[in-house]
Amino acid sequence: MPDTKSKRSTSAGGGSTDIVSLRIVLEDNKLLPLVFGQYDQHIARIEQQLGVVASASGNHVTFRGDKGSCEKARQVIESLVRHVSNGET
């Protein structure tokens, strides 16, 4: 399963906001092309559908946005990893 880490951002006034940064590390580099998609098309689709900003680099992807959307993005990535690991494309 992917390794995930999250961090809550704070506003300029010091108060907590709903914007989080969630980093997902994929341990099996062989799965990356299928999980991320050609030219990261799966990551782009997640951005569009969930309203998050994604940055993919190496074997990790970082999502930034509201907590609920980032959690859904994590679930999508985990689902893609399961499908690809099971030979489903």
Side-chain angles (χ1 to χ4, degrees):
M1 246 344 125
D3 177 33
T4 60
K5 298 176 182 173
S6 63
K7 180 174 73 173
R8 182 176 290 278
S9 299
T10 57
S11 67
S16 181
T17 65
D18 290 328
I19 303 299
V20 298
S21 180
L22 178 71
R23 182 176 185 213
I24 303 169
V25 180
L26 287 90
E27 297 175 14
D28 189 346
N29 289 339
K30 292 180 265 182
L31 301 179
L32 293 177
L34 293 173
V35 172
F36 286 3
Q38 186 176 16
Y39 304 110
D40 295 338
Q41 66 185 5
H42 298 154
I43 301 301
R45 182 74 181 251
I46 292 169
E47 284 183 307
Q48 294 167 355
Q49 294 294 313
L50 299 178
V52 296
V53 176
S55 173
S57 178
N59 69 332
H60 70 270
V61 61
T62 302
F63 293 105
R64 182 167 164 77
D66 70 74
K67 186 177 179 178
S69 294
C70 286
E71 177 60 25
K72 287 178 187 173
R74 180 191 62 77
Q75 291 171 356
V76 170
I77 292 294
E78 288 179 351
S79 177
L80 286 169
V81 168
R82 275 193 305 275
H83 287 288
V84 169
S85 295
N86 292 331
E88 303 170 28
T89 56

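- One N or O on the side chain of Ser85 and one on the backbone of Val81 form a donor-acceptor pair closer than 3.5 Å.
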For residues 46-63, which side-chain N or O atoms pair as donor and acceptor with protein atoms under 3.5 Å away, sequence neighbours left out?
{"from": "Glu47", "atom 1": "OE2", "to": "Ala54", "atom 2": "N", "distance (Å)": "2.7"}
{"from": "Asn59", "atom 1": "ND2", "to": "Leu26", "atom 2": "O", "distance (Å)": "3.0"}
{"from": "His60", "atom 1": "ND1", "to": "Arg23", "atom 2": "NH2", "distance (Å)": "3.2"}
{"from": "His60", "atom 1": "ND1", "to": "Ser57", "atom 2": "O", "distance (Å)": "3.0"}

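- Ionic pairing of Glu71 and Lys67 is not present here: no N-O contact between side-chain nitrogen and carboxylate oxygen is shorter than 4.0 angstrom.
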Per-pair distances, 0.1 Å, donor-acceptor, side chain in residues 35-43, under 3.5 Å, sequence neighbours excluded:
{"from": "His42", "atom 1": "ND1", "to": "Leu34", "atom 2": "O", "distance (Å)": "3.2"}
{"from": "His42", "atom 1": "ND1", "to": "Val35", "atom 2": "O", "distance (Å)": "3.1"}
{"from": "His42", "atom 1": "ND1", "to": "Gly37", "atom 2": "N", "distance (Å)": "3.4"}

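- Taking the side chain to side chain contact (heavy atoms under 4.5 Å, CB included) definition, one finds that Asp28 meets it with Lys30, Leu31, sequence neighbours left out.
- The distance from atom CD1 of Ile24 to atom SG of Cys70, rounded to the nearest 0.5 Å, is 8.5 Å.
- A donor-acceptor pair under 3.5 Å is formed between the side chain of Asp66 and the backbone N or O of Gly68.
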